[in-house]
Amino acid sequence: MPARAEDRPARLSVGVVGAGRVGPALAAALRLAGHRPVAVSGVSDASRRRAAELLPGVPVVGPDEVLARSELVLLTVPDDALPGLVAGLVKTGAVRPGQLVVHTSGRYGVSVLEPALAAGALPLALHPVMTFTGTAVDVQRLAGCSFGVTAPEELRLAAQALVIEMGGEPEWVAEEARPLYHAALAIGANHLVTLVNQAMELLRTSGVQAPDRMLGPLLGAALDNALRSGDAALTGPVARGDAGTVAAHVAELRRHAPRTVASYLAMARATAGRALDHGLLTAGHAGDLLDILGAGTHERGGGAGGPHGRGSTGGPHGTGGTGGPHGTGGTDEGNDGGDGEGRA
């Protein structure tokens with residue numbers, strides 16, 4: 001729903017502290033909405049290049065100077081660095097009364113900004129639920145992107161308006177639910193990248209010349225089916241209870257890619273648990289399967305989670321699997337490798 005004119009914040013001067021993958025993209029989106037990026041801080045060469053590409057003409061200055069020039073400040077640094085950054089900015093007197101201070105961390109709500117609130121700032125937590133590349137394509141991808149939003153009641157309209165102006169859709173997340181919300185995105189997006197790359201490496205080892213081309217349609221269908229149908233999308237040898245096939249998988253992985261055994265076993269147990277809970281796998285068919293999965297764990301000490309663990313994966317003969325909507329991409333000076341989380 002478009003923001004009403006009276007609900008939109010006035011055109012603001014915007015500063016970015018942390019020119020990682022997220023901050024410059026959000027500032028560029030705000031520029032398209034009529035706001036004015038005026039300053040950005042960045043230490044690494046990559047950060048400075050990114051700022052120059054996405055925010056041409058915007059000076060790179062120190063964090064205190066960013067705040068001095070800005071009515072709206074985006075704090076886009078790694079999660080673990082955020083509390084210290086906020087405390088340090090307040091201690092130096094950089095935070096002004098009435099200044100909008102926004103962080104993009106998935107983990108935190110607005111409580112991490114309490115020192116800034118005590119200094120008179122207006123705190124918002126706006127977490128874009130997308131992975132970021134650090135290029136101009138990110139600005140386009142913000143269209144329709146969900147944002148996990150936490151804000152004081154009196155600032156909800158301002159938070160909503162800013163998200164919509166960036167092309168996003170606000171999703172309200174309670175302060176106490178932020179860590180669980182962020183964990184969900186990390187499972188969906190960050191772990192998905194690991195699983196996909198493991199699958200591509202194994203296909204290369206098996207002689208497949210274009211594993212990305214082979215996996216693309218399968219994983220696209222699996223993701224679509226999982227989002228549409230939930231656990232009904234589960235298929236493959238684990239969901240069918242094909243213990244012999246799973247045993248053969250484990251044996252081949254031990255021979256050719258032993259580092260993948262632990263994750264295979266952990267996800268297979270989680271898949272078996274979901275299939276059992278939802279009636280896709282009967283207890284009678286599960287016995288041999290769970291014995292194999294348990295034996296594989298005891299033999300090498302890999303994996304985690306019992307047969308009723310939560311999670312999902314897809315077999316090679318069908319659909320299954322799940323992925324976060326963005327999981328979490330990186331936000332930061334230090335998140336050049338991605339989070340993403342949002343960030344995830």
Side-chain angles (χ1 to χ4, degrees), residues 128-131 141 143-146 148 168-169 171 180-204 206 208 210-246 248-250 253 260 263-283 285-286 289-290 293 303 305-329 338 340-344:
V129 186
M130 188 180 77
T131 56
R141 287 178 176 173
C145 168
S146 292
E169 296 287 342
E171 183 73 35
L180 180 61
Y181 150 85
H182 195 227
L185 297 177
I187 289 172
N190 303 160
H191 297 177
L192 178 64
V193 173
T194 300
L195 290 171
V196 170
N197 282 291
Q198 281 188 349
M200 288 203 294
E201 288 173 358
L202 292 170
L203 286 172
R204 289 190 191 98
S206 72
V208 172
D212 52 345
R213 189 169 64 226
M214 178 177 285
L215 284 174
L218 172 66
L219 298 187
L223 176 58
D224 184 65
N225 288 346
L227 293 174
R228 290 174 182 270
S229 304
D231 288 294
L234 282 173
T235 185
V238 173
R240 291 193 299 266
D242 290 345
T245 299
V246 171
H249 289 176
V250 174
L253 292 176
T260 67
S263 58
Y264 180 94
L265 291 171
M267 291 304 295
R269 284 196 301 274
T271 300
R274 298 196 77 92
L276 278 166
D277 289 347
H278 291 83
L280 303 173
L281 176 65
T282 66
H285 286 96
L289 174 66
L290 296 178
L293 296 177
H308 294 281
R310 299 297 182 186
S312 66
T313 187
H317 295 290
T319 58
T322 185
H326 109 72
T328 57
E341 297 130 64
R343 281 236 345 127

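No experiment lies behind these values; they were computed from the predicted model shown. Along the sequence shown, residues carry numbers from 1. All heavy atoms count here, side chains included; hydrogens, waters and symmetry mates do not.
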If you compare all heavy atoms of L280 against all heavy atoms of A232, which two are closest, and at what distance to 0.1 Å?
CD1-CA, 4.5 Å

Separation between CG (L203) and CZ (R213), nearest 0.5 Å, reads 12.0 Å

For G148 versus V129, what's the shortest heavy-atom pair and its separation?
N-CG2, 4.0 Å

From Q198 CD over to M200 CE, what is the distance, rounded to the nearest 0.5 angstrom?
11.0 Å

Please examine the side chains of L218 and M214, heavy atoms only from C-beta on, and report whether any two atoms are closer than 4.5 Å.
no

Member of V193, T194, L192 meeting the side-chain contact (heavy atoms from CB on, under 4.5 Å) criterion with V196:
L192

Interatomic spacing from OG1 in T245 to CG in L289 - rounded to 0.5 Å
10.0 Å

Counting distance only, does the side-chain N/O of H285 pair as donor-acceptor with the main-chain N or O of L281 below 3.5 Å?
no

Minimum heavy-atom separation for A272 and L290, please, with both atom names.
CB-CD2, 4.0 Å

On a heavy-atom basis, the closest approach of R274 and L234 is CB-CD1, 4.0 Å

Distance check, rounded to the nearest 0.5 Å: L195 atom CG versus L215 atom CG?
11.5 Å

Separation of L219 CG from D224 CG (nearest 0.5 Å):
12.5 Å

